[in-house]
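Only heavy atoms go into these numbers, but all of them, side chains included; no hydrogens, no water, no symmetry mates. One-based numbering, in listed order, for ligands and for the atoms of each.
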Amino acid sequence: MIKNNIKQFKDFLKDTNTRLIAVSKTQPVALIQEAYDAGQRIFGENKAQEMTSKHEALPKDIEWHMIGHLQSNKVKYIAPFVSLIHSVDSYKLLEEINKQAIKNNRTISCLLQVHIAREETKFGFDETEITSLFSEKKLSTLKNIHILGLMGMATFTEDERIIHAEFQSLKKLFDKLGVSDLPENVSMRELSMGMSSDYKIAIEEGSTLIRVGTAIFGERNYH
Ligand SMILES: *Cc1c(COP(=O)(O)O)cnc(C)c1O
């Protein structure tokens, strides 16, 4: 089943600029290996320690993406190997990622999470905060991070008009920032939006990275 799902996503994304992140949080190593054997190489996790132990157990050519809220004191676990952190939601977290990147003698790629949904609880920056962050000199002193773009989550709703509108607003911000004068360590290349329930809408609205769990692995089993 997983093999087929991966194959279907591959076919679906062929001839697009969108890549698939297989969200493997809570899934056992054996199922991730199954997706790997079907050719999938990018996996997304939302907990630092879980990602670290899966990284140790699985093939080393996997790209691990952090997609969940990340506490500063957990950055050290994933800093040696993480490929992209989608969920950066504060300057303080950027500073810690930079510090741990220096310790590991590497550059860590990040996306800034933008708050686009109606729900109050979602983490993230708003447009004003990002604009002022990019105009401040202090951001370019974080030489071991590279901000590659934005990430957002739409409201969980059946109303597709709301989802379209929220993804459109994120794409608009992404394009606007892309033509502005950006700090040296910032470029607007990746737009991470879309999950199992709304990835088709997200692709229509310009997503370059979709984060899909349930539609690949089935329902998650939280013990
Ligand atoms: C769990 C999760 C996903 C995947 O959700 P599905 O509905 O299973 O596709 C995507 N993005 C984030 C941030 C998540 O936490």
For residues 193-202, tabulate all N or O donor-acceptor pairs below 3.5 Å that involve a side-chain atom, not counting sequence neighbours.
unit_1: S196; atom_1: OG; unit_2: T214; atom_2: N; d: 3.4
unit_1: S196; atom_1: OG; unit_2: A215; atom_2: N; d: 3.0
unit_1: D198; atom_1: OD1; unit_2: M195; atom_2: N; d: 2.6

Taking only heavy atoms of [X], which atoms of ligand 1 are found under 4.0 Å from at least one of them?
| X | result |
| --- | --- |
| T214 | 6 (P), 7 (O), 8 (O), 9 (O) |
| R211 | 4 (C), 9 (O), 10 (C), 11 (N), 12 (C), 13 (C) |
| G213 | 4 (C), 6 (P), 8 (O), 9 (O) |
| V212 | 9 (O) |

For residues 55-66, which residue pairs qualify under side chain to side chain donor-acceptor pair (under 3.5 Å), counting only residues two or more places apart or in two chains?
Y36-D61, R41-D61, E63-H65, H65-H86

Considering only heavy atoms, does N46 approach ligand 1 within less than 4.0 Å through its side chain, its backbone, both, or neither?
neither

Region of H86 engaging ligand 1 - heavy atom pairs below 4.0 Å
neither

Is the shortest distance from a Lys or Arg side-chain nitrogen in K99 or E96 to a carboxylate oxygen in the other one below 4.0 Å?
yes

Does L177 reach the side chain of E127, with side-chain heavy atoms less than 4.5 Å apart?
no

Modelled atom types, side-chain donor and acceptor of Q113 and S87, under 3.5 Å
no

